[in-house]
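Every chain is numbered from 1, with letters handed out A, B, ... down the list of sequences.
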Number of protein chains: 2
Amino acid sequence: MDTKDAPYTIVSRLPIYLRALTFMAQKGQEITSSQELGRKLGLSPAQIRKDLSHFGEFGKQGTGYEIEHLQQQLKRILNATGKWQMILIGAGDLGRAIVLHYGGFEERGFNIAAVFDRDPHKIGQKLGQFEILDSQLIPQYVRKTGIKIAIIAVPASEAHNVAENLIEAGVKAILNYAPITLSVPPEIQVQYMDPVIYLQRMTYYLGT
Amino acid sequence: MDTKDAPYTIVSRLPIYLRALTFMAQKGQEITSSQELGRKLGLSPAQIRKDLSHFGEFGKQGTGYEIEHLQQQLKRILNATGKWQMILIGAGDLGRAIVLHYGGFEERGFNIAAVFDRDPHKIGQKLGQFEILDSQLIPQYVRKTGIKIAIIAVPASEAHNVAENLIEAGVKAILNYAPITLSVPPEIQVQYMDPVIYLQRMTYYLGT
DNA sequence: TAGATTGTTAATCGATTAACAATC
DNA sequence: TAGATTGTTAATCGATTAACAATC
């Protein structure tokens with residue numbers, strides 16, 4: 001396991017690098033440098049080279065980085081070569097928005113496989129292409145499919161229960177849209193998508 | 001300007017503290033401690049005390065923090081006492097999802113004031129309660145209203161142009177849902193909401 | 001008073017930057 | 001060769017943690 005000991009600070013930047021490289025590749029660009037990447041991402045060239053050097057040597061002195069190659073390497077490091085299956089918990093407004101209106105998952109290696117809700121009025125109904133399944137079926141579904149990633153889109157008051165059930169069933173990573181911090185065992189990954197948190201990180205700097 | 005020099009690392013945690021305090025307050029709890037907060041948020045008590053000490057003394061030895069009071073103080077520090085007006089650029093699927101299906105802005109101090117798109121087929125149509133306005137009107141709208149916050153929900157290819165127009169018009173903070181890093185002057189705040197970035201930060205740890 | 005928890009200092013730890021030899 | 005850029009080392013910088021006097 002060559003890569004699992006990289007500091008999270010570094011890991012957290014790799015998807016940003018990958019996204020930038022994909023954008024450049026789409027425009028037909030073939031080569032880039034730590035300087036160019038740094039300029040586009042607002043980071044120092046040194047930091048980008050240092051980050052990449054944790055995982056190997058991907059560049060060529062005097063030339064820079066072959067975009068296609070670095071892209072492939074980052075995908076490999078991030079386990080982003082295949083397609084990850086995910087389940088979505090919560091078929092309310094937020095869940096509906098994620099399923100119906102967010103189109104970016106598929107082309108970047110993620111797929112929603114099933115949607116769950118605990119509301120009897122919703123179970124059995126359709127959410128886009130999905131039939132909404134009973135939340136009670138989550139454990140057996142996760143065990144059967146081996147799915148490791150879940151998206152939580154339930155109200156804050158329910159999020160913690162849902163998370164515990166998911167983890168109990170074998171889920172290892174949670175993308176949490178509920179506006180609450182989840183307490184989970186250290187080996188479980190959680191990331192947060194509450195836009196208000198991000199807005200407040202900016203209003204601090206805005207004056208009143 | 002007593003607070004504007006706090007390190008971003010600290011500032012970035014304040015909204016998390018505020019969210020946790022609000023949750024506790026809703027449950028009727030009146031007092032908390034750095035220990036309890038730390039446990040709930042996965043942070044060390046020392047860090048929480050250190051963070052808060054950058055802005056003042058909000059606790060009482062032997063007792064802890066009065067939740068209502070600390071909440072008020074954090075709101076003041078974060079400029080989260082009033083209601084911020086925002087504009088949304090992009091009335092596609094993503095913009096629609098944000099306006100119609102995300103309900104959490106209002107009660108937490110943010111409000112969408114207007115929606116813009118550049119597509120002639122969309123301009124003049126309704127998005128929920130909003131009439132979609134022509135993107136060309138953004139500059140005059142921003143100047144007239146003094147709005148400082150914009151949400152970008154256009155395709156990646158358009159995001160940079162949109163951002164430049166917004167900044168030119170006087171916008172100071174951007175919540176960017178487009179999957180691309182924006183290059184902006186250092187005094188402009190940007191935060192990113194691309195879920196795939198967050199998913200890839202987790203898949204690194206999941207093995208293949 | 002005894003117990004608890006703050007705010008703060010000093011020590012530790014980790015991340016970023018600057019600089020440069022290696023080399024394409 | 002001359003110019004450019006990498007990968008890496010050492011120095012700097014900043015953030016976290018541990019510990020404790022102050023005090024409620």
Side-chain angles (χ1 to χ4, degrees), chain A residues 2-17 20-21 24 29-74 77 181 186 201 204, chain B residues 2-17 20-21 24 29-74 77 181 186 201 204:
Chain A
D2 56 326
T3 56
K4 290 293 170 279
D5 55 348
Y8 175 73
T9 340
I10 294 179
V11 173
S12 74
R13 282 188 291 262
L14 299 185
I16 312 271
Y17 298 163
L21 291 165
M24 290 172 174
Q29 193 178 338
E30 293 183 351
I31 301 282
T32 188
S33 65
S34 61
Q35 193 172 47
E36 186 189 39
L37 269 173
R39 187 168 34 75
K40 297 211 173 168
L41 300 178
L43 303 169
S44 77
Q47 178 163 79
I48 289 171
R49 293 201 303 276
K50 192 104 211 296
D51 284 353
L52 296 176
S53 75
H54 272 82
F55 305 97
E57 307 190 358
F58 307 120
K60 201 177 274 186
Q61 284 104 323
T63 311
Y65 300 92
E66 210 252 295
I67 289 174
E68 192 80 28
H69 176 66
L70 185 53
Q71 220 182 332
Q72 278 169 19
Q73 294 303 310
L74 287 175
I77 294 163
T181 302
R201 285 174 181 169
Y204 171 83
Chain B
D2 56 325
T3 56
K4 289 293 169 281
D5 55 348
Y8 175 73
T9 341
I10 295 180
V11 173
S12 75
R13 283 188 293 263
L14 299 185
I16 312 270
Y17 299 163
L21 291 166
M24 290 172 173
Q29 194 178 337
E30 293 183 352
I31 301 282
T32 188
S33 64
S34 61
Q35 195 172 45
E36 186 189 37
L37 269 172
R39 188 168 34 74
K40 297 209 173 170
L41 300 178
L43 302 170
S44 77
Q47 178 163 79
I48 289 170
R49 294 201 301 277
K50 192 104 212 296
D51 284 354
L52 295 176
S53 75
H54 271 82
F55 305 96
E57 307 190 357
F58 308 120
K60 200 178 276 185
Q61 285 106 323
T63 311
Y65 300 92
E66 210 252 295
I67 289 173
E68 192 79 28
H69 175 67
L70 186 51
Q71 221 183 331
Q72 277 168 20
Q73 294 304 309
L74 286 175
I77 294 163
T181 301
R201 284 174 182 169
Y204 171 83

- Query: Would you say A:Gln29 has more than 12 foreign heavy atoms packed within less than 6.0 Å of its CD?
  - Reply: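 Count over threshold, so yes.
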- Query: If you draw a 6.0 Å radius around CD in A:Gln47, do more than 12 non-hydrogen atoms from other residues or ligands fall strictly inside?
  - Reply: yes
- Message: Using heavy-atom distances to pick each residue's nearest nucleotide on DNA chain C, tell me which of A:Arg13 and A:Lys60 is more 5'.
- Response: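 Final value for this comparison: A:Arg13.
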Taking the side chain as everything from C-beta on, heavy atoms only, tell me whether [X] gets closer than 4.5 Å to [Y].
X	Y	answer
A:Ile10	A:Phe55	yes
B:Tyr17	B:Leu43	yes
A:Leu74	A:Phe58	no
A:Lys50	A:Ser44	no

- Query: Among all residues two or more places apart in sequence or in another chain, which pass the side chain to side chain contact (heavy atoms under 4.5 Å, CB included) test with B:Ser53?
  - Reply: none
- Output all residues satisfying side chain to side chain contact (heavy atoms under 4.5 Å, CB included) with A:Gln71, sequence neighbours left out; order by chain, then residue number.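 Partners of A:Gln71 by the side chain to side chain contact (heavy atoms under 4.5 Å, CB included) criterion, ordered by chain and then number, come out as A:Leu18, A:Leu21, A:Thr22, A:Ala25, A:Ile67, A:Glu68.
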- Note on the structure: Sequence neighbours excluded, the answer for side chain to side chain donor-acceptor pair (under 3.5 Å) partners of B:Gln61 is none
- Message: Run the side chain to side chain donor-acceptor pair (under 3.5 Å) test against B:Arg201 and tell me which residues pass, sequence neighbours left out.
- Response: none
- Query: Under a criterion of less than 4.0 angstrom to any heavy atom of chain A, what are the 5'-terminal and 3'-terminal contacting nucleotides of DNA chain C?
  - Reply: C:dA15 to C:dC24
- Message: The criterion is salt bridge (charged side-chain N to carboxylate O under 4.0 Å, His left out); which residues satisfy it with A:Lys40, sequence neighbours excluded?
- Response: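 A:Glu36.
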- Item | Set of residues satisfying salt bridge (charged side-chain N to carboxylate O under 4.0 Å, His left out) with respect to B:Arg49, sequence neighbours excluded | none
- Message: What residues from residues 33-47 of chain B pass a heavy-atom cutoff of under 4.0 Å to DNA chain D?
- Response: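 B:Ser44, B:Ala46, B:Gln47 - these, ordered by number, are the residues of the stretch whose heavy atoms sit under 4.0 Å from the strand.
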- Those residues of residues 61-74 of chain B lying under 4.0 Å from DNA chain C by at least one heavy atom: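 Residues of residues 61-74 of chain B that come under 4.0 Å of DNA chain C are, in numerical order, B:Gln61, B:Gly62, B:Thr63, B:Gly64, B:Tyr65.
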- If you write DNA chain D from 5' to 3' in dot-bracket form, with Watson-Crick or G-U pairs under 3.5 Å, [ ] for crossing pairs and | for pairs with another strand, what do you get? ..||||||||||||||||||||||
